Amino acid sequence: MTTIASGSDTLTRDALTVLQPGFTGVTAPDWLLRRVGEGLASVGLFGRNIASPEQLASLTAQLRAERDDVLVAIDEEGGDVTRLEVRTGSSFPGNHALGAVDDVDLTRKVARELGRRLAECGVNLNWAPSADVNSNPANPVIGVRSFGADPGLVARHTAAYVTGLQSAGVAACTKHFPGHGDTAVDSHHALPRIDVPADVLPDRELIPFRAAIDAGTRAVMSAHILVPALDPVHPATLSRRILTGLLREELGYDGLIVTDGMEMQAIAGTYGIERGSVLAIAAGADAICVGGGLADDETVRRLRDALVTAVRTGELPEERLADAARRVRALARWTASASATTVGAEPEIGLTAARRALRDTAPDGFTPLTEPPYVAALTPVANIAVGDETPWGVAAELARLLPGTRTGSFTGDDAGRAALADAGERRIVAVVRDEHRHPWMGAALDTLLAARPDTVVVEMGVPQAPPRGALHLATHGAARACGRAAAEFVTGRRAD
């Protein structure tokens with residue numbers, strides 16, 4: 001049963017309602033349960049909170065014992081960004097692979113199966129899909145998280161993903177509005193800027209969001225980006241012109257607007273999280289996502305008090321905060337009453353998609369490997385959204401098919417020479433990720449291929465660099481499912 005602490009005034013309760021905080025540990029701490037009892041309506045989960053599906057189900061049940069309609073949110077995109085399978089890699093290949101296949105029915109089925117698994121664990125709000133058009137190949141944070149660079153393709157797959165996810169009873173949160181694809185800066189570290197004419201945005205960035213709205217997305221997440229053509233002063237998360245004027249009034253969206261993580265440096269390093277949260281709600285946001293880094297009761301208290309003070313001083317209209325809280329509660333009611341479409345589990349749909357997404361280039365034909373190779377992983381720094389605790393590559397999957405496979409991880413100017421020295425006489429499988437963005441990686445491949453022309457190259461990022469090697473595989477993502485599909489191709493064996 002929903003419980004609210006007695007004596008809690010409406011203003012304070014509304015301020016708590018609009019927060020989506022995180023916490024540490026695999027059980028809910030006492031402070032979090034107390035806040036839920038006082039009116040907190042949402043909780044955000046991250047990889048640190050998940051040990052197994054059974055543990056996750058127990059955790060969400062613990063939260064619902066305090067409030068039966070609590071929103072339990074997670075950042076589960078599948079592909080490179082996974083929380084359910086943070087320590088093993090995802091069973092689903094991710095957006096770029098689905099875009100490469102370009103079968104909207106497959107995308108819908110993948111999203112539905114992902115949603116089924118989330119719902120089974122008690123998660124009812126997914127901060128996905130990414131509807132960003134990856135129009136800038138140098139983008140350091142979107143990349144394979146996007147369905148692709150074509151707005152029409154991104155739009156149809158965004159809509160299919162929303163439909164599939166919500167058919168499982170899990171609310172979709174389409175992100176990152178108004179579009180994070182044309183950036184060369186990661187908003188986790190600084191404030192990106194998109195300098196394009198205003199007439200470019202409707203035909204590129206906004207098309208997928210229109211499709212998501214038409215598909216009935218229950219939530220939209222704002223981006224911490226500056227778009228001077230729309231608002232030369234405020235980043236989208238803090239811009240009334242963008243959130244209220246564009247998203248609400250021009251696009252006609254009436255669902256929940258969630259901010260991206262407020263502790264990201266694009267906001268925290270410029271406005272601070274308290275000031276940023278007040279400005280975000282005033283601009284039209286309804287829920288404040290925080291907790292990826294700041295995950296304690298003190299953070300919740302600071303943000304609650306900042307919102308209450310802003311109302312009492314007249315900086316934030318009380319009716320705006322009340323409206324935001326109303327939208328949060330409306331989504332909570334939807335998730336509590338949503339009935340999933342009755343469908344059977346499709347546990348292999350992710351691997352099916354990964355296999356279909358694989359693209360191979362073999363200039364002179366290719367004979368599958370029969371002896372255990374040496375896997376040289378040319379490893380870039382992981383972006384924060386992906387994290388560095390999730391394994392990637394093909395080594396583990398190759399070792400299953402060819403026991404005795406060895407591997408090493410290399411980075412920097414000496415990566416090629418170091419890999420050659422460590423490989424010895426073994427056949428080399430070089431694994432790269434966004435070679436086009438890392439000059440040292442291209443140089444390492446040059447070194448490997450000059451010495452060992454029979455090297456197999458597996459590109460697990462966005463395949464922009466020209467194919468080369470005895471075999472070049474583009475997986476369109478670095479998820480475990482992608483690695484398995486690549487290993488099967490390299491060996492000519494199915495891992496079933």
Side-chain angles (χ1 to χ4, degrees), residues 80 85-91 93 351 354-355 358 360-362 364-382 386-435 438 440-461 463 465 467-496:
D80 288 26
E85 300 178 277
V86 66
R87 293 168 188 84
T88 61
S90 181
S91 304
L351 181 57
R355 286 168 176 162
L358 203 63
D360 65 283
T361 304
D364 300 312
F366 177 72
T367 302
L369 275 61
T370 56
E371 298 295 326
Y374 181 85
V375 179
L378 305 181
T379 307
V381 175
V386 174
D388 57 10
E389 61 184 325
T390 303
W392 70 284
V394 300
E397 299 299 329
L398 276 173
R400 290 176 57 199
L401 298 172
L402 295 175
T405 294
R406 290 182 53 233
T407 187
S409 179
F410 305 91
T411 190
D413 294 339
D414 198 45
R417 289 186 293 274
L420 279 174
D422 204 41
E425 297 303 313
R426 289 175 179 245
R427 183 79 174 271
I428 297 175
V429 177
V431 186
V432 299
R433 200 167 176 172
D434 292 345
E435 180 201 341
H438 305 285
W440 68 265
M441 198 179 288
L445 275 186
D446 290 341
T447 299
L448 290 175
L449 291 167
R452 303 286 289 276
D454 63 348
T455 293
V456 172
V457 178
V458 181
E459 168 60 86
M460 304 196 81
R468 48 184 173 153
L471 170 69
H472 185 281
L473 292 179
T475 62
H476 300 91
R480 176 166 53 92
C482 299
R484 183 172 173 183
E488 290 177 344
F489 194 100
V490 168
T491 61
R493 303 181 189 180
R494 282 289 177 98
D496 301 329

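This one's a predicted model, so the numbers in the text were calculated from it and none came from an experiment.
- The closest side-chain heavy-atom distance from Pro373 to Thr405 is below 4.5 Å.
- When atom types are taken as modelled, the side chain of Thr407 and the backbone of Val375 share a donor-acceptor pair closer than 3.5 angstrom.
- Taken from CG in Leu358 to CG in Asp360, the straight-line distance is 6.5 Å, to the nearest 0.5 Å.
- Side-chain contact check for Asp434 versus Pro380: every heavy-atom pair is 4.5 Å or farther apart.
- When all heavy atoms of Pro368 and Gly492 are compared, the closest pair comes out as CB-N, 3.8 Å.
- For the side chain to side chain contact (heavy atoms under 4.5 Å, CB included) test, residues two or more places apart in sequence or in another chain that qualify with Ala478 are Asp80, Trp392, Arg433, Met460.
- Qualifying side chain to side chain contact (heavy atoms under 4.5 Å, CB included) partners for Thr361, counting only residues two or more places apart in sequence or in other chains: Pro467, His472.
- For Asp446, the salt bridge (charged side-chain N to carboxylate O under 4.0 Å, His left out) partners at least two apart in sequence or on another chain are Arg468.
- Here OH of Tyr374 is found 12.0 Å from OG1 of Thr455. Values are rounded to the nearest 0.5 Å.
- Side-chain atoms of Arg427 come within 3.5 Å of backbone atoms of Asp454 as a donor-acceptor pair (strictly under, hydrogens ignored).
- Looking only at distances, no side-chain donor or acceptor of Arg480 sits under 3.5 Å from a matching main-chain atom of Pro391.
- Closest non-hydrogen pair, Val431 versus Gly393, comes out as CG1-CA, 4.3 Å.
- With hydrogens and angles ignored, the 3.5 Å screen pairs a side-chain donor or acceptor of Thr390 with a backbone N or O of Val86.
- To the nearest 0.5 Å, the span separating CZ on Arg484 from CG on Leu398 amounts to 12.5 Å.
- Taking NE2 from His438 and CG from Leu445, the interatomic distance works out to 12.0 Å, rounded to the nearest 0.5 Å.
- Contact between Arg426 and Pro372 at its shortest, heavy atoms only, is NH1-O, 3.3 Å.
- Of all heavy-atom pairs spanning Ser91 and Ala481, the tightest one is O-CB, 3.4 Å.
- Applying the salt bridge (charged side-chain N to carboxylate O under 4.0 Å, His left out) test to Asp422 and every residue at least two apart in sequence or in another chain returns Arg406.
- For the pair Ala415 and Ala444, the tightest heavy-atom approach, listed with the atom from each and the gap, is CB-CB, 4.0 Å.
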(message) Pair Val429, Leu369 - check side-chain contact (heavy atoms from CB on, under 4.5 Å), show working.
(response) CA-CA 10 Å; Val429 177; Leu369 275 61; 4.1 Å; yes
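- Judged as a side chain to side chain donor-acceptor pair (under 3.5 Å), and not counting sequence neighbours, Thr88 has no contacts.
- A distance-only check finds a donor-acceptor pair linking the side chain of Thr411 to the backbone of Thr379 [under 3.5 Å].
- For the pair Glu435 (side chain) and Glu459 (backbone), a donor-acceptor distance under 3.5 Å is absent.
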(message) Evaluate Arg493 against Arg400 for side-chain contact (heavy atoms from CB on, under 4.5 Å), listing each step before the verdict.
(response) CA-CA 11 Å; Arg493 303 181 189 180; Arg400 290 176 57 199; over 6 Å; no
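- The side chain to side chain donor-acceptor pair (under 3.5 Å) check on Asp414 picks up Arg417, with sequence neighbours excluded.
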